[in-house]
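Because the structure is a prediction, the values reported are computed rather than measured.
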Amino acid sequence: MGHTRFLAVPKHSTEIASRKPDRDSETKDDITMVIASPSRRGSIGVVIMFAVTTFALKGTADEPPTRTDQSSNDRSHSNADHALRITTEAAKNYEFYPTSNPARQFAFQPRSVLRWSNPVAGEIYGNVYLWTDNGRPQVIGSIYQWYSPMTHGSHEFHSLCAEAIEGQRQGRTVMRSQDPGLSWQQVPEQPEVAETKPRRTRQLSSIARRFQITKTDRESITRQLRLLAQPIYRYGDQDSDIVDGAIYTFVQGTDPEVFLLIESKKLNGKDRWHYAFARMNSVKFVAEYRDRDGEYRDVWTKEIQPWGVVKSGREPYANFGPFNAGN
């Protein structure tokens, strides 16, 4: 990961403050590597320091957490619960529907499908919500609240719909995306969709693991995202045109950066697996697919979006805010 970077946020810049942050940190592995690879001149000092540290830790390993630690943990749990309440209420204020048929509103699902935090960026808690049509996801949103070092909230959305959509917040139109939300591609080298759900579950997991995604932020720092092992949402049935489908998540920390959708689609009369990506940040992303020979090739690229585009609500991905807590 490299060295820790600190991003100074101008006090009067709502555009920068309201954006989804880019996360930079050292990991425990980075620190371990520094300690485990001393120079020859410093090796004795490192051994002595390790011994002293080990002795000190031995006497405290079984001691209960201090009152300060307990208070901090209680406050974090309280803020996470508070964020769940206010983000759910905020999500309820949004209505989405196809531009061609405003009366056909997508159904808001009030249960968060992913609760996330990002302690590297600060004290921030978010939740992911879905708007569906007969169970099929049409819009996905990540709504989050800062507690430190900032105190505002932001709302970001991505259309998953095959046609143009509009979105309203408290009766005012905020999103009008004319393009389809997703670009579907057939999964290479995959067999027909399995007949039983357990076998399809294994197929879905195998397909998801073949992808890897890198993120390049506005400071030109590139990092590989982590795939969550389990899908956050599963949909489809034998009586519909979608036998099975799932949403997987690529994260930094547990913060969703890209969603991977995999679902069955008819091709020449047979069900075949297809995939599509939905960004949840305005930075650059590159997705690669690993073939049977172990070679990776680029299959999806999204460039950095200007803030004016992100805030306009005219693209499949949009970010609104900042909002005061509870709004």
Side-chain angles (χ1 to χ4, degrees), residues 14-15 17-21 73-98 102-119 121-161 165-177 181 228 232-233 235 247 249 251 253-257 259 278-282 310-313 316-327:
T14 57
E15 180 179 77
S18 65
R19 68 174 178 158
K20 190 174 185 181
N73 289 336
D74 290 344
R75 183 174 64 254
S76 296
H77 286 301
S78 176
N79 287 342
D81 291 340
H82 175 256
L84 177 61
R85 291 194 300 272
I86 66 173
T87 58
T88 302
E89 289 302 314
K92 290 178 182 178
N93 290 327
Y94 287 90
E95 297 175 344
F96 297 97
Y97 48 85
R104 192 180 121 217
Q105 284 193 9
F106 302 139
F108 171 59
Q109 306 300 320
R111 181 178 178 273
S112 170
V113 294
L114 177 65
R115 297 180 65 176
W116 61 267
S117 66
N118 199 321
E123 190 173 5
I124 175 175
Y125 301 98
N127 289 278
V128 175
Y129 301 94
L130 291 170
W131 286 257
T132 64
D133 185 24
N134 292 322
R136 187 176 183 180
Q138 300 295 319
V139 176
I140 193 164
S142 180
I143 300 181
Y144 51 96
Q145 176 64 42
W146 285 93
Y147 292 87
S148 176
M150 296 172 281
T151 57
H152 68 271
S154 291
H155 309 164
E156 56 185 345
F157 302 93
H158 200 295
S159 168
L160 309 178
C161 189
I165 68 163
E166 293 187 15
Q168 293 189 347
R169 180 177 183 266
Q170 297 176 325
R172 182 174 68 88
T173 300
V174 294
M175 190 169 182
R176 187 179 283 116
S177 174
L228 295 182
I232 61 172
Y233 187 69
Y235 57 99
I247 302 177
T249 314
V251 299
T254 55
D255 186 350
E257 299 285 352
F259 296 107
R279 73 193 304 163
M280 201 50 62
N281 203 327
S282 60
V310 175
K311 300 294 183 181
S312 71
Y317 168 75
N319 183 309
F320 307 118
F323 298 102
N324 295 327
N327 290 341

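Separating the OG1 atom in Thr173 from the CD atom in Glu95 is a distance of 10.0 Å, to the nearest 0.5 Å. Atom CD in Gln145 sits 11.0 Å away from atom CG in Asn127 (nearest 0.5 Å). For the atom pair CG of Asn319 and CG of Asn281, the computed distance is 8.5 Å after rounding to the nearest 0.5 Å. Here the straight-line distance linking atom CD1 of Ile143 with atom CZ of Phe320 works out to 11.0 Å at 0.5 Å rounding. Atom-to-atom distance recorded for Thr87:OG1 and Phe323:CZ is 13.0 Å, nearest 0.5 angstrom. Summarising the geometry, atom CG belonging to Leu228 is positioned 12.5 Å from atom CD1 belonging to Ile247; distances are rounded to the nearest 0.5 Å.
By the neighbour-count criterion of 12 heavy atoms within 6.0 Å, atom CG of Asp81 is densely surrounded, having more than that number from other residues, nucleotides or ligands.
Counting heavy atoms from C-beta outward, Tyr317 and Glu156 have side chains that approach closer than 4.5 Å. Using a 4.5 Å heavy-atom cutoff, the side chains of Leu84 and Arg115 are in contact.
For Thr249, the side chain to side chain donor-acceptor pair (under 3.5 Å) criterion is met by no residue, not counting sequence neighbours. With sequence neighbours excluded, the residues forming a side chain to side chain donor-acceptor pair (under 3.5 Å) with Arg104 are Asp133, listed by chain and number. Partners of Glu166 by salt bridge (Lys or Arg N to Asp or Glu O under 4.0 Å), not counting sequence neighbours, listed by chain and number: Arg176. When the ring pair (Phe, Tyr, Trp, His ring centres under 6.0 Å) test is applied to Tyr94, the partners found at least two apart in sequence or on another chain are His155, Phe157. Taking Ser117 as the reference, Pro119, Tyr125, Thr254 meet the side chain to side chain contact (heavy atoms under 4.5 Å, CB included) condition, with sequence neighbours excluded.
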Legend entry - Audit row: Gln109, Arg111, side chain to side chain contact (heavy atoms under 4.5 Å, CB included) steps and yes/no: CA-CA 6 Å; Gln109 306 300 320; Arg111 181 178 178 273; 5.9 Å; no
Inset, instruction - Show your reasoning for whether side chain to side chain contact (heavy atoms under 4.5 Å, CB included) applies to Val128 and Trp116. - result: CA-CA 8 Å; Val128 175; Trp116 61 267; 4.2 Å; yes
Inset, instruction - Take Phe259 and Met280 through the test side chain to side chain contact (heavy atoms under 4.5 Å, CB included) and record every step on the way to the result. - result: CA-CA 7 Å; Phe259 296 107; Met280 201 50 62; 3.4 Å; yes
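For the side chain to side chain contact (heavy atoms under 4.5 Å, CB included) criterion with Phe106, the lone passing option out of Val139, Thr132, Leu160 is Val139.
Put simply, the side chain of Arg85 never gets that close to the backbone of Thr88: no donor and acceptor are under 3.5 Å apart. Proximity of a side-chain donor or acceptor of Gln168 to a complementary backbone N or O of Phe96 within less than 3.5 Å is not detected. Formation of a donor-acceptor pair under 3.5 Å by the Thr151 side chain with backbone atoms of Tyr147 is not found in this model.
Of all heavy-atom pairs between Tyr233 and Pro137, the closest is CE2-CD, 3.8 Å. His158 and Gly181 make their closest contact through CE1-O, 3.1 Å (heavy atoms, listed as atom of the first residue, atom of the second, distance).
Within the structure, every pair that satisfies the salt bridge (Lys or Arg N to Asp or Glu O under 4.0 Å) test and touches residues 135-153, not counting sequence neighbours, is listed here: Arg136-Glu263.
A tilted orientation is assigned to the rings of Tyr129 and Phe108, their planes being inclined by 30° to 60°.
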